[in-house]
Asks: 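Okay, handing you the structure first.
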Amino acid sequence: MGWLVLMYRALRPAIRDSQRSELASLFLYAAAAIPLFYLPALFFGPRTNFAVIDNWRFWIIHLWVEGFFELFATVLVAVIFVVLGLVTARTATRVIYLDAILYLAGGIVGIGHHWYFTGQGTLNMGLAACFSALEVVPLTLLTLDAWDFVRLRERRCEDCQTTFADRHRWTIYFLMAVGFWNFVGAGVFGFLINLPIVSYFEVGTTLTTNHGHAALFGVFGMLALAVLVFCLRSLAKDDVWPRAERFIRVGFWGLNAGLALMMAVDLFPAGVLQLWDVLQNGYWHARRLTYLMSGTFHTLEWARVVADSVFLAIGVVPLVLAVAVLLLGSRKSGDAV
Ligand code: HEM
Ligand SMILES: [Fe+2]
């Protein structure tokens with residue numbers, strides 16, 4: 001709620017300006033949907049029936065990540081492009097409306113792919129399986145957007161004739177990573193576990209974790225970092241920036257390599273192994289502590305230390321250093337970042 005108040009304060013002047021009003025209002029509505037859809041978290045307590053808890057739990061998880069976060073992300077990227085003069089406000093507004101229709105049509109009914117086996121009827125299963133499959137449409141559009149980002153890097157600013165890549169290169173790279181992980185994490189790994197027949201055997205196993213990691217950090221983590229880097233570059237002085245940019249470059253590749261290694265070394269193979277065990281010995285067997293803490297499954301979990309270390313040491317640490325360099329650099333030149 002506090003975040004929403006901050007957003008409102010920052011957007012108020014733009015909302016009052018008739019030229020920018022529509023886009024700024026859409027940005028505020030998309031932001032308001034995020035805390036609004038969190039409210040159902042207050043509808044249950046520790047003693048509530050499990051089916052009721054799971055109902056509201058996924059109302060939050062699913063509608064955030066496959067509904068309102070996606071919408072917010074689209075509006076955010078559209079606003080960045082308008083601010084940079086890359087697209088007109090009219091085009092951006094149209095894209096937002098189209099995306100809103102696509103996401104909300106697929107996402108809201110698709111929520112039932114988390115409720116296949118929580119005591120709801122077969123109608124839920126049929127509708128949810130169909131509508132969540134439709135989510136591939138906006139996802140594909142987003143992935144195509146990622147290709148546009150590649151071409152965008154070569155566009156020249158009309159006043160200064162430098163290419164866009166010169167100034168906001170790493171914002172664009174992080175946005176390309178969003179497109180990539182959207183395709184792999186949400187598209188490929190999400191669809192892998194989406195059909196009711198697959199979900200019946202797989203639900204809540206490591207293939208879910210595999211999808212959750214790739215989609216959640218890959219899409220929304222990278223998006224948050226794109227915005228961070230965009231703000232840092234906009235505020236940084238040109239002479240301080242190259243020192244921080246080196247760290248951002250390393251951090252970008254470290255995070256992506258670390259995340260990819262988590263899937264490759266542990267989550268995907270361990271997920272397939274666990275699914276195989278479900279098919280051989282039953283779901284109860286594959287979720288028992290004795291299975292989880294022994295054999296190849298457990299060895300793979302240890303091997304994941306390598307991936308997590310790459311993520312932390314080559315990904316997170318350099319990015320923190322980049323922020324520190326910019327903060328110290330601007331202090332020295334007497335400004336606040
Ligand atoms: C960027 C978009 C997405 C994000 C961030 C995301 C994230 C997640 C997360 C974190 C979970 C685990 C939730 C939990 O068990 O507590 C999950 C579960 C699931 N996701 Fe996604 N997801 C996305 C898109 C999709 C798409 C497009 C599909 C397929 C159409 C999909 C299908 C599923 C299914 C079927 C589950 C349930 C698996 C289970 O309960 O075992 N997701 N998702
Ligand atoms: Fe979902």
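Indexing begins at 1, ligand by ligand and atom by atom, following the structure's order.
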Asks: Is there any N or O on His113 that sits under 3.5 Å from an N or O of ligand 1?
Replies: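 No, since none of the N or O atoms of His113 sits under 3.5 Å from an N or O of ligand 1.
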Asks: Tell me which N, O or S atom from His62 is the closest to the Fe ion (ligand 2).
Replies: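 Of the nitrogen, oxygen and sulfur atoms in His62, the Fe ion (ligand 2) lies nearest to ND1.
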Asks: For Phe58, is the nearest heavy atom under 4.0 Å from an atom of ligand 1?
Replies: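 Within the 4.0 Å threshold, so yes.
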Asks: Would you check if there is a donor-acceptor pair between the side chains of Thr290 and Arg288 at a distance under 3.5 Å?
Replies: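 A pair is found: one side chain offers a donor N or O, the other an acceptor, under 3.5 Å apart.
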Asks: For ligand 1, which atoms have a heavy atom of Gly190 less than 4.0 angstrom away?
Replies: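 Near Gly190, meaning under 4.0 Å from one of its heavy atoms, ligand 1 has 28 (C), 29 (C), 31 (C), 32 (C).
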Asks: I'd like to check which ligand 1 atoms, numbered from 1 as shown, lie under 4.0 Å from a non-hydrogen atom of Gly204.
Replies: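 Reading through ligand 1 atom by atom, the close ones are 39 (C), 41 (O).
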Asks: So, regarding Ala133 and ligand 1 (criterion: nitrogen or oxygen to nitrogen or oxygen, under 3.5 Å), is there a contact or not?
Replies: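 No; every N/O pair is 3.5 Å or more apart.
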Asks: Can you measure from CG (Asn55) to NE2 (His114) and round to the nearest 0.5 angstrom?
Replies: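 Going from the CG atom of Asn55 to the NE2 atom of His114 covers 12.0 Å.
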Asks: Can you sort out which atoms of ligand 1 are near Ala215, meaning under 4.0 Å from one of its heavy atoms?
Replies: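 Counting atoms of ligand 1 from 1, those under 4.0 Å from Ala215 are 3 (C), 4 (C), 5 (C), 6 (C).
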Asks: Do Pro318 and Arg249 come close enough that some side-chain heavy atom pair is under 4.5 Å?
Replies: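 Result no, sub-4.5 Å side-chain heavy-atom pair not found.
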Asks: Examine ligand 1 and decide if any of its atoms is less than 4.0 Å from a heavy atom belonging to Arg57.
Replies: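 Arg57: in contact with ligand 1 (<4.0 Å).
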Asks: Which ligand 1 atoms does Leu216 reach within 4.0 Å, using its non-hydrogen atoms?
Replies: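 Taking each heavy atom of Leu216 in turn, ligand 1 has 5 (C) under 4.0 Å.
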Asks: Any non-hydrogen atom of Ser199 lying under 4.0 Å from ligand 1?
Replies: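 For ligand 1, residue contact (heavy atoms, under 4.0 Å) with Ser199 is absent.
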Asks: Counting heavy atoms only, name the option from Leu134, Ile193, Leu223 that's nearest to atom 34 (C) of ligand 1.
Replies: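 The nearest heavy atom belongs to Ile193.
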Asks: Between the side chain of Gln274 and the main-chain N/O of Thr206, is any donor-acceptor distance below 3.5 Å?
Replies: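 Checking the backbone N and O of Thr206 against the side chain of Gln274, a donor-acceptor pair under 3.5 Å is found.
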Asks: Verify the neighbour count for atom CZ of Phe50: are there more than 12 heavy atoms of other residues, nucleotides or ligands below 6.0 Å?
Replies: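 At most 12 heavy atoms, drawn from other residues, nucleotides or ligands, come within 6.0 Å of this atom.
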Asks: May I ask you to check whether Glu66 has an N/O atom sitting below 3.5 Å from an N/O atom of ligand 1?
Replies: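 For ligand 1, there is an N or O atom that lies under 3.5 Å from one belonging to Glu66.
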Asks: Just one of Trp56, Phe72, Phe68, Phe58 clears the ring pair (Phe, Tyr, Trp, His ring centres under 6.0 Å) bar with Phe37, so which one?
Replies: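 With Phe37 as partner, ring pair (Phe, Tyr, Trp, His ring centres under 6.0 Å) holds for just one option, Phe68.
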Asks: Verify the distance test for His211 against atom 21 (Fe) of ligand 1: any N/O/S atom under 2.8 Å, yes or no.
Replies: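 Yes - counting backbone and side chain alike, His211 has an N, O or S atom under 2.8 Å.
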Asks: Compute the angle centred on the Fe ion (ligand 2) spanning NE2 of His114 and NE2 of His113, and express it rounded to 10 degrees.
Replies: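 Result: 90°, to 10°.
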Asks: Can you sort out which atoms of ligand 1 are near Thr208, meaning under 4.0 Å from one of its heavy atoms?
Replies: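 Listed by number with element, the hits are 12 (C), 38 (C), 39 (C), 41 (O).
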Asks: Find all atoms of ligand 1 within a distance of less than 4.0 Å from any non-hydrogen atom belonging to Ile61, and give their numbers and elements.
Replies: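 Close to Ile61: 16 (O).
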Asks: Is any side-chain heavy atom of Val203 closer than 4.5 Å to one of Tyr116?
Replies: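 Contact flag for Tyr116/Val203 side chains = no.
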Asks: Is the ring pair Phe252/Phe174 parallel, tilted or perpendicular, if the boundaries are 30 and 60 degrees?
Replies: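 The rings of Phe252 and Phe174 stand perpendicular, inter-plane angle above 60°.
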Asks: Table please: side-chain donor-acceptor pairs of residues 212-228 below 3.5 Å, with sequence neighbours left out.
Replies:
{"unit_1": "His213", "atom_1": "ND1", "unit_2": "Thr209", "atom_2": "O", "d": "3.0"}

Asks: Using a strict threshold of under 4.0 Å (side-chain N to carboxylate O), is an ion pair present between Asp99 and Arg94?
Replies: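 Not counted as a salt bridge, because no side-chain N and carboxylate O are separated by less than 4.0 Å.
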Asks: For Trp3, I'd like to know if atom CH2 has over 12 heavy atoms of other residues, nucleotides or ligands within 6.0 Å.
Replies: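 Yes, CH2 of Trp3 has more than 12 neighbouring heavy atoms, counting only those of other groups under 6.0 Å.
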Asks: Tell me, which pairs form a side chain to side chain donor-acceptor pair (under 3.5 Å) where one or both residues lie in residues 25-42, sequence neighbours left out?
Replies: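 Every candidate side chain to side chain donor-acceptor pair (under 3.5 Å) pair involving residues 25-42 fails, so no pair, neighbours aside, qualifies.
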Asks: Considering both backbone and side-chain atoms of Thr205, is one of its nitrogen or oxygen atoms within less than 3.5 Å of a nitrogen or oxygen in ligand 1?
Replies: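 Looking only at distances, the answer is no, because the N/O contact criterion of under 3.5 Å is not met.
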Asks: In ligand 1, which numbered atoms sit nearer than 4.0 Å to a non-hydrogen atom of Glu202?
Replies: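 Those atoms are 41 (O).
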Asks: So if I count the atoms of ligand 1 from 1 in the order they appear, which ones are less than 4.0 Å from some heavy atom of Glu70?
Replies: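 What qualifies from ligand 1 is 1 (C), 2 (C).
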Asks: Measure from the Fe ion (ligand 2) to every N/O/S atom of Glu66 and report the name of the nearest one.
Replies: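 Looking at Glu66, the N, O or S atom with the least distance to the Fe ion (ligand 2) is OE2.
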Asks: With the threshold set at under 4.0 angstrom, would you say Phe220 reaches ligand 1 through any of its heavy atoms?
Replies: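 Phe220: in contact with ligand 1 (<4.0 Å).
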